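For reference, the structure is listed below as structure tokens.
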Amino acid sequence: VKNYINIGLFGLGTVGKGVVNQLNDNGSLIKKRLGREIRITRAVTANPDKERGIDLKNIQISNKINDIINDPEIDIVVELIGGIDLAKSIILQSLKKGKSVVTANKALLAECAEEIFNAAYTSKGLFGYEASVAGGIPIIRNIRESYSGDKIMEISGIINGTANYILSSMSEKNETFLSALKEAQEKGFAEADPTFDIEGIDAAHKLILLMNLSFNAIFDFKSLYIEGIAQIEPIDIEIADDFGYVVKLLGKARDDDKGFEARVHPTLVNKNSILASVNGAFNAVQVMGNFVGETLSYGAGAGSYPTSSAVLGDLIQIGRALSSSDTSSPPPLSFQIEHLRKKQILPIDELETEYYLRFTVLDKVGVLASLTKSLGENNISIRCMIQKSKEHVPGLPVAVVILTHIAREKDIRAAINEIDKMPIVTSPTRLIRIDP
Ligand SMILES: NC(=O)c1ccc[n+]([C@@H]2O[C@H](COP(=O)([O-])OP(=O)(O)OC[C@H]3O[C@@H](n4cnc5c(N)ncnc54)[C@H](OP(=O)(O)O)[C@@H]3O)[C@@H](O)[C@H]2O)c1
């Protein structure tokens, strides 16, 4: 056995540089734990000559992917370039050659799960992707190994730090969505193109990955209901606060009698719940198993070092397996390969939960009666209601907010559709689901 493990690193961006720095700083500690040295021998990046301000000595850098893939001395390929096509090709080619692979690429793993995991299951190489969900929180290892004796009933969590940072600023500082986003970008908590984060797509990628691990199948990313946070207004945060809630972007999936329920959307979370106290760029994931009960993992969800720490954890785990005579590892998705089949997610119409409905209506006699009549006719029962207006100005619209008891999404949509056509309604009704 060689006394070192050779790494080929794709990408020297935020995470890639973190990996290099962490190995430079903790290399000798890691050697004590693994018994062998981990060394990056090659890196491939789009602009090999770019000045990066880190110590890259002993690393051969180029922009040719084959420099890593065709190097027989490289044991583990680390893919940190992101995106779909090139990353997929790098991972599939590396696994085909029997190399082990570590990646942080949640978009790829969620959208091409069947293809990637099939290759991971059938390759001689091992596969690590802890860094793809919730950065420094070892949630993949927890589900894949520690909870593998449990039937997982429910997973939910705050799994996008950028969205959580924005919503936290909106509620702490009374900011609008746009000014909170701008501040997040200035402080480096949101990328220049924050689309995936604010539209819920990044959280959805992670939720699908957690579902695949927890529910013994591959779930179709396209069938997941996704709603982002751009529509949340200060008035919603203020009224939610009056009712004892905070607004969080939650990803939630349940194994229900009827099927698998899963969704990513802004959610009103009770102020007394643990998730309500997860603020700023932090992440938290709750897992409920039929024997372990409720568990919660909390930590930094992204960023250079929390993510590189997850990459290093995978490298050491794979390094240990490669160093032992038993080179097996837990199955990539916890279950055996014959379960690598697609399963459906229930349509959002079938969801049953409580709702926050904010109607914008003219301040006129009989308005409330029209709203409640339509809700009643659609089987929706009202839990409480307030009207928000500074002073009574005839002809000016006011906000009427109704919280419902548990209702069906289909009925809620039918009622909103009806109500939004009424002449007393001046802007579309806002709906936020409540975590009951
Ligand atoms: N940033 C985070 O906090 C975080 C957290 C969890 C997971 N992730 C995931 O980690 C991955 C990397 O993210 P990142 O934030 O580190 O991205 P990044 O800062 O944009 O870095 C991407 C790197 O990939 C290189 N690259 C891009 N296109 C390439 C190409 N065609 N050929 C070769 N190299 C190419 C870039 O090269 P140059 O530098 O030479 O231009 C850059 O070094 C993504 O999958 C992301 O979703 C990131």
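Both ligands and their constituent atoms are indexed starting at 1 by order of listing. Worth saying up front: this structure is predicted, and the values here are computed from it rather than measured.
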field: ring-ring contact (aromatic ring centres under 6.0 Å, His included) contacts touching residues 213-263 (sequence neighbours left out)
entry: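 Matches after skipping sequence neighbours: H205-F221, F215-F260, F219-F260.
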
message: A cation-pi test, strictly: NZ or CZ of R36 under 6.0 Å from the centre of the six-membered ring of Y4 and no more than 45 degrees from its axis. Yes or no?
response: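 No; the conditions do not both hold, so R36 does not lie above the ring face of Y4.
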
Non-hydrogen atoms of G251 and L207 that approach each other most closely: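 Taking G251 first and L207 second, the nearest heavy atoms are C-CD1, 3.9 Å.
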
- line: In terms of heavy-atom contacts, D314 and R141 come closest through OD1-NH2, 2.8 Å

Cationic N near anionic O, under 4.0 Å, R358 to E233: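 Looking at R358 and E233, the cut-off is met.
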
- request: Show your reasoning for whether salt bridge (charged side-chain N to carboxylate O under 4.0 Å, His left out) applies to E354 and R433.
  value: CA-CA 6 Å; E354 295 175 2; R433 295 164 195 86; over 6 Å; no

Hey, what polar pairs (N/O, under 3.5 Å) does ligand 1 make with protein?
unit_1: ligand 1; atom_1: 3 (O); unit_2: G303; atom_2: N; d: 2.7
unit_1: ligand 1; atom_1: 16 (O); unit_2: T14; atom_2: N; d: 3.2
unit_1: ligand 1; atom_1: 16 (O); unit_2: V15; atom_2: N; d: 2.9
unit_1: ligand 1; atom_1: 19 (O); unit_2: T14; atom_2: N; d: 2.9
unit_1: ligand 1; atom_1: 19 (O); unit_2: T14; atom_2: OG1; d: 3.1
unit_1: ligand 1; atom_1: 34 (N); unit_2: A46; atom_2: N; d: 3.0
unit_1: ligand 1; atom_1: 37 (O); unit_2: T45; atom_2: OG1; d: 2.8
unit_1: ligand 1; atom_1: 37 (O); unit_2: A46; atom_2: N; d: 3.4
unit_1: ligand 1; atom_1: 39 (O); unit_2: K50; atom_2: NZ; d: 3.2
unit_1: ligand 1; atom_1: 39 (O); unit_2: R52; atom_2: NH1; d: 2.8
unit_1: ligand 1; atom_1: 39 (O); unit_2: R52; atom_2: NH2; d: 3.4
unit_1: ligand 1; atom_1: 40 (O); unit_2: T45; atom_2: OG1; d: 2.6
unit_1: ligand 1; atom_1: 40 (O); unit_2: A46; atom_2: N; d: 3.3
unit_1: ligand 1; atom_1: 40 (O); unit_2: N47; atom_2: N; d: 2.7
unit_1: ligand 1; atom_1: 40 (O); unit_2: R52; atom_2: NH2; d: 2.8
unit_1: ligand 1; atom_1: 41 (O); unit_2: N47; atom_2: ND2; d: 2.9
unit_1: ligand 1; atom_1: 41 (O); unit_2: K50; atom_2: NZ; d: 3.1
unit_1: ligand 1; atom_1: 43 (O); unit_2: L12; atom_2: N; d: 2.9
unit_1: ligand 1; atom_1: 43 (O); unit_2: G13; atom_2: N; d: 3.0
unit_1: ligand 1; atom_1: 43 (O); unit_2: T45; atom_2: OG1; d: 3.3

